[in-house]
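Notes for the one structure printed next.
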Number of protein chains: 2
Amino acid sequence: MTAMTWQAVQAEALRRIRTREWPPGARIPDEEDLARELGCARTTVNRALRDLADAGLLDRRRRAGTHVATTPVRKATFEIPIIRQDVEARGLVHGYTLLTRAMAPPDAATCRALALPGDVPLLRVVALHLAGGAPFCLEDRWINPVAAPGVEQADLSVTSANEWLVRHTAFSGGGIEFGAVAADAVQAAHLACAPGAALFEIVRTTWAGADPITAVRLTYAPGYRMKTAL
Amino acid sequence: MTAMTWQAVQAEALRRIRTREWPPGARIPDEEDLARELGCARTTVNRALRDLADAGLLDRRRRAGTHVATTPVRKATFEIPIIRQDVEARGLVHGYTLLTRAMAPPDAATCRALALPGDVPLLRVVALHLAGGAPFCLEDRWINPVAAPGVEQADLSVTSANEWLVRHTAFSGGGIEFGAVAADAVQAAHLACAPGAALFEIVRTTWAGADPITAVRLTYAPGYRMKTAL
DNA sequence: CAGTGGTCTAGACCACGGT
DNA sequence: CCGTGGTCTAGACCACTGT
């Protein structure tokens, strides 16, 4: 009975959950009992069930035991789209055009997002990504030169701002938001759609400790969808 | 040296990545070397680095060793919003109104999503979720009665369709999509916005093996954003 | 208080895939 | 081939938290 891998244990647990042999809310056997029943070490059972708990299918607490979650799927992992890869994965050629690159005081939304006063000028970089020659995504980025020294001299028409930052700054955390916005005149012009069209938007902020590095707003051409399996 | 937990090892590895002591692309020491250096078992190092690899920060291959990823953040986990919890987490009272409930042949998009022919009638359930009395989210759901026997008799005005399905069907997988759509007349009326307004939309499908159970389209009132930390 | 999950250890064998 | 990560085991102690 050496062939009991943690994947096999996990598959068996999943099967019991899905067939409702272990119905929602029910308490399932101890790690030790399961290990004995399935013919493996408790460590292996722990490894298998831990992932299911991380995925939100099980609720595990010391002393209280392990229960099947009543809300079956609560978390999903998404691949954060690296635009070039996203485009190339669709079998299209990726294009990149630098549109704007200037120091300017940030707008109100960016100030809030980066927790900065409005009178500190930031480097603003606007670029358009193309997929097979068609507009794909408009990138509107604000960079804090204090947290990214040297960026003011960087040639961002060759290396994208994203790549430059990845290579030259140390980041410690950040946030990401998804939403829908109506296209403004600038977005409409670059993304070849009507003003007011519904656009999918991703806003990302990254930080180096307490210092904001960059905020970027990605606005996708109409029809873009983000997908994943559950 | 018992106090070296895998979290501590992970934190140290993260620190080295973020401070560029281990720069992007670099090969990092063996598990065995790290274990010796940090004073813990190899298993502990493995546990710490595995999670970083899962998160996309490290690239691990047998024989080739472990390398720091050149694209730092590639995956993020999102909590799939359970609407009632989402509303209550905002400190608002959740309301639920059943609007429609009828057997009907599905529209073309739903047929494609569920891989069903268009001549099989499905149960359609449309409901409005309220947050603090204001429209929050419109739920447009199609249910396959073959995969969810008994649903035609269920009282979905008390129990939400989602809860009923969770409790009575076995699901094995599914998919989820995010996007932006312009409000149609029905959506505009129920969500108290202008027709054409940009709405955030989530489409989920769930399956029991090869049989489709349900497809649900959630359309959120303007301004809704999905957020997570990186 | 005591049962249950969380984690560490030391050792072992295996699977993959660069050299 | 053989170095490296992937995993299993048996045993141990600890940290919660419900009874």
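It should be emphasised that the depicted structure is a prediction, and the values quoted were computed from it without experimental measurement. Just so we're on the same page: letters track the sequence lines, and every chain starts at 1.
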Applying a 4.0 Å non-hydrogen cut-off, can you work out what [X] is touching in the nucleic acid: base, sugar-phosphate, or nothing?
X: B:R63; result: base
X: B:R47; result: sugar-phosphate
X: B:R61; result: sugar-phosphate

Verify the contact: side-chain N or O of B:T44 to OP1 or OP2 of C:dT9, cut-off strictly under 4.0 Å; return yes or no.
-> yes
Report yes if at least one side-chain N or O of B:Q7 is closer than 4.0 Å to OP1 or OP2 of C:dG6; otherwise report no.
-> no
Are B:H129 and B:Y96 close enough that their ring centres sit under 6.0 Å apart?
-> yes
Hey, would you say the B:F178 and B:F200 ring centroids sit under 6.0 Å apart?
-> yes
Between [N] ([atom2]) and [X] ([atom1]): distance, integer Å:
X: A:D51; N: C:dG5; atom1: CG; atom2: C1'; answer: 15 Å
X: A:Q10; N: D:dG6; atom1: CD; atom2: C1'; answer: 15 Å
X: B:M4; N: D:dC13; atom1: CE; atom2: P; answer: 22 Å
X: B:L34; N: C:dC8; atom1: CG; atom2: P; answer: 15 Å
X: A:D30; N: C:dG6; atom1: CG; atom2: C1'; answer: 14 Å
X: A:R60; N: D:dA15; atom1: CZ; atom2: P; answer: 19 Å
X: B:R62; N: D:dT7; atom1: CZ; atom2: C1'; answer: 9 Å
X: A:E32; N: C:dG3; atom1: CD; atom2: C1'; answer: 11 Å

Let me know, please, whether A:N46 or A:A64 comes out on the 5' side of the other along DNA chain C by nearest nucleotide.
-> A:A64
For B:E32, look at atom CD and say whether over 12 heavy atoms of other residues, nucleotides or ligands are found less than 6.0 Å away.
-> no
Would one find more than 12 heavy atoms of other residues, nucleotides or ligands at under 6.0 Å from atom CZ of A:R18?
-> yes
Go through D:dA10, C:dC16, D:dT7 for me and flag the one nearest to the A:T43 side chain.
-> D:dA10
Among side-chain atoms of B:S157 and B:D155, is any donor-acceptor pair under 3.5 angstrom?
-> yes
Any donor-acceptor N/O pair under 3.5 Å between D:dT7 base and B:R42 side chain | yes
Between A:A41 and B:T66, whichever has its closest DNA chain D nucleotide further toward 5' is B:T66
